[in-house]
Amino acid sequence: MLKLDNINLFYGEIQALWNLSMEIKEGQIAALLGANAAGKSSTINAISGLEKISGGKITFLGKEIHKMDPHEIVEEGIIQVPEGRKLFNYMSIQENLELGAYSKRAKKDFKKNLRMVFDLFPILEERKNQFAGEMSGGQQQMCAIARGLMSSPKLLIIDELSLGLAPILVQKLLKALVDIKNSGITILLVEQNVKQSLAISDEACVLENGRLALSGKADELLNNPHLKKAYLGM
Ligand code: ATP
């Protein structure tokens with residue numbers, strides 16, 4: 001579905017991604033893992049068009065997208081849920097969700113998508129008139145994911161889902177990702193929390209210093225000696 005082919009990305013003179021190639025298959029949850037500064041954000045920002053690559057290509061459903069503007073990539077169906085949630089704190093939950101549905105494709109499916117996100121996260125419906133800024137961290141993350149879903153994504157990219165959240169809430173959110181996948185939406189999950197994300201993922205890529213260090217089926221990676229040593233402290 002999504003293919004990164006030998007991409008390079010620079011910030012001025014600093015090279016953040018080095019000949020990176022990876023593929024995400026339709027209908028799966030793929031995890032993008034790696035330590036701080038490994039290049040995870042750079043990779044997803046390249047996919048979303050927020051950073052321009054200087055070599056290689058990115059194709060989505062057979063179409064080259066790396067020269068497109070971010071809003072055009074959104075219209076193609078790639079939606080990024082940003083790290084730190086970035087909700088409008090002084091707007092209600094409902095208004096935040098409405099803002100997710102700005103693309104042409106999403107407007108058409110507004111009612112259906114709103115029902116889907118309220119079924120997925122009932123607390124958002126109960127509190128739909130409350131300011132987003134008054135919600136707990138976990139509820140804000142639910143709202144951020146729901147806002148992404150309101151855009152009718154084909155590929156939903158979630159940056160640092162577990163950031164600052166209690167483990168029990170992370171479990172709940174990861175379970176919701178499986179429900180989202182089962183509804184037909186492909187997910188790219190960017191995480192530092194290796195064990196929990198591999199548990200719900202089909203495949204994973206591990207970045208180190210802007211390069212692909214490992215990739216493969218999630219259950220096989222869980223038993224990989226390098227990954228165990230470097231990321232799981234085993
Ligand atoms: P984190 O989990 O800390 O966000 P990451 O895996 O997402 O890390 P990136 O943010 O992609 O990693 O960073 C990769 C490299 O690029 C790092 O060395 C970082 O310092 C550098 N970098 C990222 N953004 C910029 C920028 N705007 N200008 C200069 N260097 C940058």
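Both counts, for ligands and for their atoms, begin at 1 and track the order of listing. The model shown is predicted, which means the values in this text are computed figures rather than measured ones.
- Residue contact check: S42 has heavy atoms under 4.0 Å from atoms 9 (P), 11 (O), 13 (O), 14 (C) of ligand 1.
- Annotation: atom 3 (O) of ligand 1 to nearest protein heavy atom, N36 OD1, 3.0 Å.
- Under the 4.0 angstrom criterion, atom 31 (C) of ligand 1 counts as having a protein heavy-atom contact.
- Enclosure of atom OH in Y11 by more than 12 non-hydrogen atoms of other residues, nucleotides or ligands within 6.0 angstrom is indicated.
- Protein non-hydrogen atoms do reach within 4.0 Å of atom 28 (N) of ligand 1.
- In summary, the atoms of ligand 1 found under 4.0 Å from a heavy atom of Q192, numbered by their order in the structure, are 2 (O).
- Nearest protein neighbour of atom 26 (C) of ligand 1, counting heavy atoms only, is Y11 CD2, 3.5 Å.
- Tracing side-chain contacts under 4.5 Å through hydrophobic residues (I, L, V, M, F, W, Y), one reaches V117 starting from I145; they form part of the same cluster.
- Taking any N or O of I14, backbone or side chain, none lies under 3.5 Å from an N or O belonging to ligand 1.
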Start with the C-alpha gap between E23 and L2, add the side-chain angles, then the distance that decides, and say whether side-chain contact (heavy atoms from CB on, under 4.5 Å) holds. CA-CA 6 Å; E23 201 173 340; L2 178 79; over 6 Å; no
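- Checked against I79 for a side chain to side chain contact (heavy atoms under 4.5 Å, CB included), the options S151, S48, S152 give a single hit: S151.
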I would like to know whether Q196 and N193 meet side-chain contact (heavy atoms from CB on, under 4.5 Å); could you show each step before the answer? CA-CA 6 Å; Q196 281 183 312; N193 190 331; 2.6 Å; yes
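- Taking 4.0 Å as the cut-off, A35 counts as a neighbour of ligand 1 on heavy-atom distance.
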Take L156 and T186 through the test side-chain contact (heavy atoms from CB on, under 4.5 Å) and record every step on the way to the result. CA-CA 6 Å; L156 188 68; T186 307; over 6 Å; no
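- Residue-ligand proximity: G34 is placed with every non-hydrogen atom at 4.0 Å or more from ligand 1.
- Listed by atom number, the atoms of ligand 1 under 4.0 Å from E160 heavy atoms are 2 (O).
- For atom 19 (C) of ligand 1, the closest non-hydrogen atom of the protein is A37 CB, 4.6 Å.
- Cluster partners of I168, using a side-chain heavy-atom cutoff of under 4.5 Å among ILVMFWY residues and allowing indirect links: none.
- Interface atoms of ligand 1 facing K40, defined by a heavy-atom separation under 4.0 Å, are 2 (O), 5 (P), 6 (O), 7 (O), 8 (O), 11 (O), 12 (O).
- The shortest N/O to N/O separation between A38 and ligand 1 falls below 3.5 Å.
- Here the side chains of L222 and L198 are in contact, with some heavy-atom distance below 4.5 Å.
- Distance check: D202 CG to K217 NZ gives 8.5 Å after rounding to the nearest 0.5 Å.
- In this structure, atom 12 (O) of ligand 1 lies nearest to the protein heavy atom G39 N, 3.1 Å.
- I29 approaches L177 most closely through the heavy-atom pair CD1-O, 3.9 Å.
- Residue contact check: S41 has heavy atoms under 4.0 Å from atoms 4 (O), 5 (P), 7 (O), 10 (O), 11 (O) of ligand 1.
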